[in-house]
Amino acid sequence: MSVENKLRIYIQPLEKEDIDEVDEIARKAYGTHHWSKESFYSELQNKLAQYYIARNADGTLAGFAGYWCIIDEAHITTIAVAPEFTRRHIGEALLKAILDDCYQKKVKYLTLEVRESNIPAISMYEKYGFQAFGVRKGYYQDNNESALIMWTENIFWDKFKNKYEENITKLSGIIDIQ
Ligand SMILES: CC(C)(COP(=O)(O)OP(=O)(O)OC[C@H]1O[C@@H](n2cnc3c(N)ncnc32)[C@H](O)[C@@H]1OP(=O)(O)O)[C@@H](O)C(=O)NCCC(=O)NCCS
């Protein structure tokens, strides 16, 4: 793909002015089981949390993601891309923003819960070396679905880091992340 055709996205820290738009995407991406706006406002006060948004070149909000950092572990709390922007590597770009922070903060492990039927998300995490190491039975109250608990190995180990670098090299060839 030529440079001119590459989708350009801007990854920025979430600010309170973004929350109405984030809420719209959360409703579309997660359906009935999504965070309230108040949850996002309170997450902005959470010193352990960091949230990012992705905007495209015309300023449209395309996605958001965030995590909590607790000592040397990061827990990804949410990651969502607006349906009209999916499969354009924006989820990956948001995951990259989180992983880059983790490398900088010397976080060793990342974890998250994901619905066991959520193939797009599970596939994205697996692409980056997350593995399912457990199940929380009936974790999601809306339909009693179980959650897979996914973990990375130590992200500084060669196996994980090599895969990460290979993925982000490919990513930089297809999307322009600012
Ligand atoms: C999961 C989600 C964030 C992925 O975002 P996205 O921008 O569409 O994903 P990307 O284009 O970055 O894809 C990255 C990788 O994920 C996997 N993937 C993404 N969508 C997929 C799909 N529909 N089917 C299979 N694999 C998929 C692929 O491995 C893909 O890499 P590839 O393009 O080289 O095959 C998006 O589907 C979403 O917002 N889902 C609803 C909210 C949600 O479930 N969030 C996760 C909560 S744990």
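This chain uses plain numbering: 1 for the first residue, then up along the sequence. In listed order, ligands and their atoms are each counted from 1.
- Put simply, the residue from I25, I79, I19, L14 that forms a side chain to side chain contact (heavy atoms under 4.5 Å, CB included) with F64 is I25.
- Other residues, nucleotides and ligands place no more than 12 heavy atoms under 6.0 Å from the CD atom of Q141.
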Less than 3.5 Å apart, which donor and acceptor atoms pair up between the side chains of residues 120-135 and the rest of the protein, not counting sequence neighbours?
from, atom 1, to, atom 2, distance (Å)
S123, OG, I119, O, 2.6
K127, NZ, E92, OE2, 2.9
Y128, OH, E92, OE1, 2.5

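- Residues satisfying the side-chain hydrogen bond (donor to acceptor under 3.5 Å, both in side chains) criterion with T78, sequence neighbours excluded, are Y30.
- The immediate protein surroundings of ligand 1, defined as residues with any heavy atom under 4.0 Å of it, consist of A29, Y30, I79, A80, V81, T86, R87, R88, H89, I90, G91, E92, E113, V114, N118, P120, A121, S123, M124, Y125, K127.
- Ring-plane geometry between Y103 and Y164 is classed as tilted, the angle between the planes lying from 30 to 60 degrees on a 0 to 90 degree scale.
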Contacts under 3.5 angstrom, residues 65-73 side chains, donor-acceptor by atom type, not counting sequence neighbours:
from, atom 1, to, atom 2, distance (Å)
Y67, OH, D101, OD2, 2.6
Y67, OH, K105, NZ, 2.8
W68, NE1, E43, OE1, 2.6

